[in-house]
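The structure appears below as structure tokens.
Every heavy atom of this structure was used, including side-chain atoms; hydrogens, water molecules and symmetry mates were not. Here is how names work: the chains are called A, B, and so on, in the same order as the sequence lines, proteins then strands, and each is numbered from 1.
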Protein chains: 2
Amino acid sequence: MNIRTLCLGILSLGDATGYEIKKTAEGPFSHFYRASFGSIYPALSRLTKEGLVLCTTTAQERRPPKKVYRITTAGRLAFVGDLTAPIEGDAVRSDFLMTMFFAHLLPAQHLARLLDHRVAVYREHVSRLHAAVTEAPTAGQRFVSGFGAAVYRAAADFLEDNRHLVEREALIGADARAAAGGASAARPALAEAGES
Amino acid sequence: MNIRTLCLGILSLGDATGYEIKKTAEGPFSHFYRASFGSIYPALSRLTKEGLVLCTTTAQERRPPKKVYRITTAGRLAFVGDLTAPIEGDAVRSDFLMTMFFAHLLPAQHLARLLDHRVAVYREHVSRLHAAVTEAPTAGQRFVSGFGAAVYRAAADFLEDNRHLVEREALIGADARAAAGGASAARPALAEAGES
DNA sequence: TTATCCATGTAAGAAGTTACATGATTGA
DNA sequence: TCAATCATGTAACTTCTTACATGGATAA
């Protein structure tokens, strides 16, 4: 699964332009997929060449011609093929968790700000996704939005309930510079010969 | 943050070879970061060139020479710099949720198998991460493992509690081929002229 | 007057994966 | 006997992002 699959999926819901596909991707797909124009437009060109979508160009005044894409029967078949292919595990990449892992290297104030902010971000996700559940037209969409809401709620709750665990061990009255230089005090003093 | 940052972080915990860095990445970092040898080895070369790590080569019999890396003071400083730089939002990519979004296109049996499997996968994550919490040496590590456990538990619970929402609308007694071809019945019958 | 919406597309580059190349040792 | 562990590294490739190029209309 890739951006081409995403485009096919969105077009399976109705005809759309590249621009509209981008907007849709930023809506009900945004918590588990993302796509930029730089990947969507080439994907649509290729899908057209392969006969999986059709393109209708409409001239516009003082604007680039509008191109409305429609999925073909071959496209629907290919999409279901993508959907039934072996699924890869969720790929998660979190700079936030990376930072929390090394909380002991950071000043307490900085850590507190990060946690406050992250809780707020997760709560926003929850309310947005919660609203999406009631508004969504299909069961699948309600399901994935509900999933996102449940997960982000759990994340926010965990942060609020457990932040003291990292905040207690954070650096107090010391800045990041001292943490970096003074780390050898926390470990057996290994000689760092060869370092100028 | 990238693989270089990950290498610096792991080396900030103690000296290691590229191979050991990979193993560590597969352990307590695996639920929010991943790295292959093909990205780790070049990262270590570059870090060495930049003076952020030191490399000690030891010849071995009938094996490639072992290279043990040690972070330098400049490396620790750079790492804390990475840690305090503006954090990017969590990047999640889930082919599973993509599939559930379009559950109405899939046969009920297939959907049931997917859900069974995903619940099992999430439960495994939970028990692995739960164990990691008690064994972890630092507060940061306990925190991120606990976070992972809480989130995966919420995910598994959601699936069990809500899977009926998608399973009820799944295709019954029809295969994927029919779904792909017959989709126009669910939408206003738009002529697909031009499609051979 | 400033930002956002509309609307397309390309080119350069970042970042990482997969596969290849090599091969002994050890445990099941 | 089969798979995993140890151990490094490169090259080709995929995939996607960012920045650029263009620019009127509209709402705050």
In whole angstroms, the gap separating C1' of C/dA11 from CZ of A/Phe37 amounts to 17 Å

Nearest-0.5 Å distance, CD1 of residue B/Ile87 to CG of residue A/Leu114:
4.5 Å

Plane angle bin for A/Phe102 and A/His104 - parallel if under 30°, tilted between 30 and 60°, otherwise perpendicular
tilted

With distance as the sole criterion, is a donor-acceptor pair present between the side chains of A/Asp90 and B/Tyr152 under 3.5 Å?
no

Just by distance, do the side chain of B/Thr72 and the backbone of B/Leu52 share a donor-acceptor pair under 3.5 Å?
yes

d(A/Asp95 CG, B/Met1 CE) to nearest 0.5 Å is 4.5 Å

5'-most to 3'-most nt of DNA chain D touching chain B (<4.0 Å, heavy-atom partner on protein side) reads D/dT5 to D/dC16

Between atom CD in A/Glu20 and atom P in C/dA7, what is the gap in whole Å?
7 Å

Within 45° cone of B/Tyr19 ring axis and under 6.0 Å: B/Lys23 NZ or CZ:
yes

Looking only at atom types and distance, does a side-chain atom of A/His31 sit under 3.5 Å from a main-chain N or O of A/Val144, one as donor and one as acceptor?
yes

Aromatic centroids of A/Phe101 and B/Phe143 separated by under 6.0 Å
no

Rounded to the nearest Å, what distance is computed from the CZ atom of residue A/Arg93 to the P atom of nucleotide C/dA14?
16 Å

Take atom CE of B/Met1 and atom C1' of C/dA15, then tell me their distance rounded to the nearest Å.
16 Å

At what distance, to the nearest 0.5 angstrom, does OG of B/Ser145 lie from NE2 of B/His125?
12.5 Å

Starting at the 5' end of nucleotides 22-28 of chain C, put B wherever the base has a protein heavy atom under 4.0 Å, S where only the sugar-phosphate does, and a dash everywhere else.
-BBS---

C/dC6 P sits how many Å from A/Tyr19 OH, rounded?
4 Å

Does the B/Glu124 side chain pair with the main chain of B/Val121, one donor and one acceptor, at a distance under 3.5 Å?
no

Can you list, by residue number, the residues of residues 38-48 of chain B that have a non-hydrogen atom closer than 4.0 angstrom to DNA chain D?
B/Gly38, B/Tyr41

Nearest whole Å is fine: how far is C/dT8 P from A/Lys22 NZ?
13 Å

Quick check: do B/Thr99 and B/Val166 have side-chain heavy atoms less than 4.5 Å from each other?
no

